[in-house]
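The structure appears right after this line, and notes come after that.
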Amino acid sequence: MRIGIDIDNVLCDFTRSFLAYTNEKMGASFRYDDVTQYELWALWDGTLEEGVALVKDFFASEHARKMPALDGAQQAGKKMHTLGHDLSLITSRFAEHRPITNQWLAKHFPDNPFAKIHFSDNINSRQEKKSKADICHKLSIDTLIEDSAHYALECAPICRQVILLDHPWNRNHSLPANVKRARSWSEAVEMIQKNQPTI
């Protein structure tokens with residue numbers, strides 16, 4: 001099976017690390033459960049431009065380098081690779097963050113079960129932009145594992161199934177039949193095994 005996997009809040013615990021950085025920088029006290037929408041800058045009534053600038057600053061900080069892997073992600077990556085699945089990373093990170101992304105993956109996933117990293121559409125790109133749906137279509141992704149309800153809905157018509165890892169910012173959305181919510185990585189792997197197409 002061809003599986004697409006997001007990075008932030010799927011492989012790594014981005015939001016908690018980003019909030020620790022933001023709280024330190026702003027003297028704020030934002031918590032993980034305060035993040036009820038995907039656009040993090042809404043927390044402080046900021047603009048998209050301010051949010052982008054803060055994300056770039058974050059990725060240049062030690063907080064980004066110290067991001068832990070999300071619970072269960074490393075074990076799930078190994079298991080899916082061992083089961084013979086073709087794993088590709090599909091992220092909306094800026095392409096300029098490829099070096100730190102590679103460093104983080106080398107540290108937390110040293111066995112590298114992932115075939116390749118694909119950077120999707122972002123406002124910083126000067127190249128032809130590609131959405132996550134475009135990438136899923138090009139790679140013939142069967143299953144996408146994602147934390148954003150927006151991207152899950154965008155890719156649902158392309159993928160046979162989308163697994164939405166549960167977070168506070170994706171709970172207030174109606175989901176089509178082929179988008180399933182998983183409360184943990186172990187539950188996500190179970191869904192993949194149950195829905196693996198038979199030959």
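Position 1 is the first residue of the sequence; numbering continues from there. All figures in this text were calculated on a predicted structure; none of them were measured in a lab.
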- Could you tell me whether the side chain of Asn170 and the main chain of Ser148 form a donor-acceptor pair under 3.5 Å? no

- Any chance you could lay out the side-chain contact (heavy atoms from CB on, under 4.5 Å) test for His118 and Lys138, step after step, and finish with the verdict? CA-CA 11 Å; His118 302 268; Lys138 181 179 179 181; over 6 Å; no

- Task: Ignoring hydrogens and angles, tell me if any N or O in the side chain of Asp57 forms a donor-acceptor pair with the backbone of Leu54 under 3.5 Å.
- Result: no

- Query: Donor-acceptor pair, Trp185 side chain versus Val10 backbone, under 3.5 Å?
  - Reply: yes

- Checking Asn178 side chain against Cys159 main chain: does a donor-acceptor pair fall under 3.5 Å? yes

- Message: Please verify the inter-ring angle class for Tyr21 with His63; under 30° counts as parallel, over 60° as perpendicular, anything in between as tilted.
- Response: perpendicular

- With Glu154, which residues qualify under side-chain hydrogen bond (donor to acceptor under 3.5 Å, both in side chains), at least two apart? none

- Short side-chain to backbone donor-acceptor contact, His167 and Asn9, under 3.5 Å: yes

- Query: Around atom NE2 of His137, are there more than 12 heavy atoms of other residues, nucleotides or ligands at under 6.0 Å?
  - Reply: no

- Message: What I'd like to find out is whether the side chain of Met80 reaches to under 4.5 Å of the side chain of Met1, using heavy atoms alone.
- Response: no

- Query: How would you list all residue pairs meeting side chain to side chain donor-acceptor pair (under 3.5 Å) that involve residues 66-81, not counting sequence neighbours?
  - Reply: none

- Any chance you could lay out the side-chain contact (heavy atoms from CB on, under 4.5 Å) test for Leu40 and Phe58, step after step, and finish with the verdict? CA-CA 13 Å; Leu40 282 165; Phe58 166 76; over 6 Å; no

- Item | Inter-residue atom distance Asp6.CG - Leu164.CG, 0.5 Å rounding | 10.5 Å

- Donor-acceptor pair, Asp147 side chain versus Leu165 backbone, under 3.5 Å? no

